[in-house]
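Reviewing the structure listed below.
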Number of protein chains: 2
Amino acid sequence: MNQKLFAPTAEIARNLESLRIDTPPVTLREMALERLRNAIIAGLFSPGQRLVERTLCDQLGVSRSVIREVLRHLETEGLVETAPKQGPIVALIDWHQARQIYDVRIALETTAVADCARNADTATKNKLKTVLQDLDRNSRKNDALTILAATTEFYETIFLSGGHEIAWDIVKRLNSRISRLRVMTLSTTNRTVSGPARMREIFNAIERNDPEAATAACRAHIMEAARIAESLLVSAGQAKP
Amino acid sequence: MNQKLFAPTAEIARNLESLRIDTPPVTLREMALERLRNAIIAGLFSPGQRLVERTLCDQLGVSRSVIREVLRHLETEGLVETAPKQGPIVALIDWHQARQIYDVRIALETTAVADCARNADTATKNKLKTVLQDLDRNSRKNDALTILAATTEFYETIFLSGGHEIAWDIVKRLNSRISRLRVMTLSTTNRTVSGPARMREIFNAIERNDPEAATAACRAHIMEAARIAESLLVSAGQAKP
DNA sequence: CGTGATATTATGGTATACCATCATACGGAA
DNA sequence: TTCCGTATGATGGTATACCATAATATCACG
């Protein structure tokens, strides 16, 4: 046999990939993970609240095996922590941690934004523009969750356009850990205005391929959020016991 | 009763904390996690190799519950991935991912290093100096693992001195995903020399409180490693199937 | 000799059973 | 009344049992 004829070229391999039938083997565990994570992020469980395994079994209708594996996953993500001799609780966040998270976000998001400003193609720019237009249309409603979703899509576009899936993954994970904080921040006076305004600055810088300006605007965007979060957190005194 | 007399001050609270008896409830799961993670990092399992649950049970002498929870943890860490209809395998790494990891490391480590150069106290500087001296003493042996450990301690000192536990956690996790690559990189000609040299540059910049120089040296340190890793990875053709 | 159907096995997904430990409640004694 | 000891229940840690499915081997038929 002529090996050469059958050796898959890179192009053939790519084409074959589009043939793949994605048969998402939706396991109970994945569904439970999704549900529980969303519940925690949405604030259905408050920070520090105990997550009793058997109770969760009843609430989600699955067995402890599933619950425990899900808890391990969320624990590794940082959304759940296990108190010694007590079991899993919803992770608490104090300002020391939250501040670090904002710091990491600054480091990663400014990098992504600058990269995007250097290399973004037309499609990416159009996508960003669309997201911002939707945001403008919706920001009147002052709906924190809507704005949050649009903000997420904005940054997701920026990260993924540059092929920074891993960094985006990290940012997503960190954001879920400060989800409550983000919602509270967005509910603050003027944040529903200043946030989108900063994002437009970022977009403008990207559109005219100005990495420095994009970086500066991005840093300002996050630092403003961090400042608001700090005032909320220290005034609320949500310290880690 | 006079409340004031019994209200714990911050100082008393701190002193009380040192009284705490840390009773590490060493669970089977934690031990198994440690073992398996180290085994993967050490290359005892090769990338892509299947991790059959029942086999691991025999090898580690624990039940499947434990193994499965450990696998979930490692999966979330990125060290293990589950192939559909096949189960868990040791995560594969291609250059696209490795490059992203080096990028994130650049973003986080340059930030930490700059911060350290701005704020490091004498104790931190002394610690860094000691680590480097040990490294110099050992680098003659060209032992990749020794150098790796010292490098880790060097950066750990930098991150933790600035209170960047979360960022350090992220970096540690990312490094474990490219552990093989790092060892291979260190086995390369001259890397056992150039690496420590770069670290000394970083240290010198920190010692004279020069954030910009520290940042530049750190970026150079990582980018050199990335370049070597790239040549190794693309030549070996370790692509993700 | 090859091809397709069927039996067997391997393997992950899920549920459940058991145990040790810790917290709580209760009761008796000083 | 207070304090201590015991009993009981709640809870997480661990092991095991069962099931569905996919991979593999076997065999019969062309």
Side-chain angles (χ1 to χ4, degrees), chain A residues 1 6 19-37 39-40 45-46 48-77 79-92 241, chain B residues 1 6 19-37 39-40 45-46 48-77 79-92 241:
Chain A
M1 265 197 262
F6 294 93
L19 277 187
R20 161 178 257 109
I21 297 177
D22 267 346
T23 165
V26 182
T27 65
L28 272 187
R29 169 164 45 90
E30 291 176 62
M31 294 192 295
L33 173 62
E34 200 79 5
R35 294 277 188 99
L36 192 52
R37 187 198 282 123
I40 293 178
F45 300 94
S46 23
Q49 179 173 345
R50 287 188 63 177
L51 296 171
V52 179
E53 297 178 355
R54 284 174 173 84
T55 308
L56 291 176
C57 290
D58 293 343
Q59 290 170 332
L60 295 188
V62 296
S63 78
R64 274 185 71 205
S65 321
V66 175
I67 292 293
R68 283 180 64 88
E69 290 180 33
V70 167
L71 286 175
R72 289 295 87 75
H73 191 115
L74 293 175
E75 187 182 358
T76 313
E77 276 190 10
L79 236 53
V80 164
E81 39 192 69
T82 1
K85 304 289 185 187
Q86 191 187 8
I89 61 176
V90 177
L92 298 156
Chain B
M1 267 197 256
F6 295 93
L19 277 188
R20 160 177 259 109
I21 296 176
D22 267 345
T23 168
V26 182
T27 65
L28 272 188
R29 169 164 45 92
E30 291 176 62
M31 294 192 293
L33 173 62
E34 201 79 3
R35 294 276 187 99
L36 192 52
R37 186 199 281 122
I40 293 177
F45 300 94
S46 23
Q49 180 173 343
R50 288 188 61 176
L51 297 170
V52 179
E53 297 179 354
R54 284 173 173 85
T55 308
L56 291 175
C57 291
D58 293 343
Q59 290 170 332
L60 295 188
V62 295
S63 78
R64 273 184 71 206
S65 321
V66 175
I67 292 293
R68 283 180 63 89
E69 289 180 34
V70 166
L71 286 175
R72 288 295 87 75
H73 190 115
L74 293 175
E75 188 183 358
T76 312
E77 275 191 10
L79 236 52
V80 164
E81 39 192 66
T82 20
K85 305 290 184 186
Q86 190 187 12
I89 62 175
V90 178
L92 299 156

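Throughout, protein chains are lettered first and strands after them, A, B, ... in sequence-line order, and every chain is numbered starting at 1.
Nucleotide C:dA10 holds its P atom 21 Å from the CD1 atom of B:Ile89, rounded to whole Å. Between the C1' atom of D:dC18 and the CG atom of A:Leu28 lies a distance of 15 Å, rounded to the nearest Å. Residue B:Leu33 contributes atom CG, which lies 15 Å from atom C1' of D:dG13 at whole-angstrom precision.
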Quiz item: Between A:Leu51 and A:Ile67, is a side chain to side chain contact (heavy atoms under 4.5 Å, CB included) present by the stated rule, with each step listed?
Solution: CA-CA 10 Å; A:Leu51 296 171; A:Ile67 292 293; over 6 Å; no

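Using a 4.0 Å cut-off between a side-chain N of Lys or Arg and a carboxylate O of Asp or Glu, A:Glu75 and A:Arg72 qualify as a salt bridge.
Closest approach of B:Ile40 and B:Leu74 over heavy atoms only: CD1-CD1, 4.2 Å.
Residue contacts shown for B:Leu51 are limited to sugar-phosphate atoms, with no base heavy atom under 4.0 Å away.
Under a 3.5 Å cut-off, the side chain of A:Ser46 and the backbone N or O of A:Gln49 do not form any donor-acceptor pair. Within the 3.5 Å criterion, the main-chain N or O of A:Leu79 finds no donor-acceptor partner in the side chain of A:Arg37.
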Under 3.5 Å, which protein N or O atoms sit close to an N or O of nucleotides 20-25 of chain D? Give each pair with its distance.
unit_1, atom_1, unit_2, atom_2, d
D:dA22, OP1, B:Lys85, NZ, 3.1

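Between the side chains of B:His73 and B:Glu77, at least one donor N or O sits under 3.5 Å from an acceptor N or O.
Among the nucleotides C:dT14, C:dT11, D:dT16, the one closest to any side-chain atom of A:Thr27 is C:dT14.
Nearer to the 5' terminus of DNA chain D, by closest-nucleotide assignment, is the contact made by A:Gly87 (compared with the other of A:Ser65 and A:Gly87).
B:Arg68 has no side-chain polar atom (N or O) that falls below the 4.0 Å cut-off from OP1 or OP2 of C:dG12.
Crowding of B:Arg35 atom CZ: a count of heavy atoms from other residues, nucleotides or ligands under 6.0 Å not exceeding 12.
None of A:Leu56, A:Val70, A:Leu28 except one satisfies the side-chain contact (heavy atoms from CB on, under 4.5 Å) rule with A:Val62; the exception is A:Leu28.
The stretch residues 53-64 of chain B touches DNA chain D through B:Arg54, B:Val62, B:Ser63, B:Arg64, each having a heavy atom under 4.0 angstrom from the strand.
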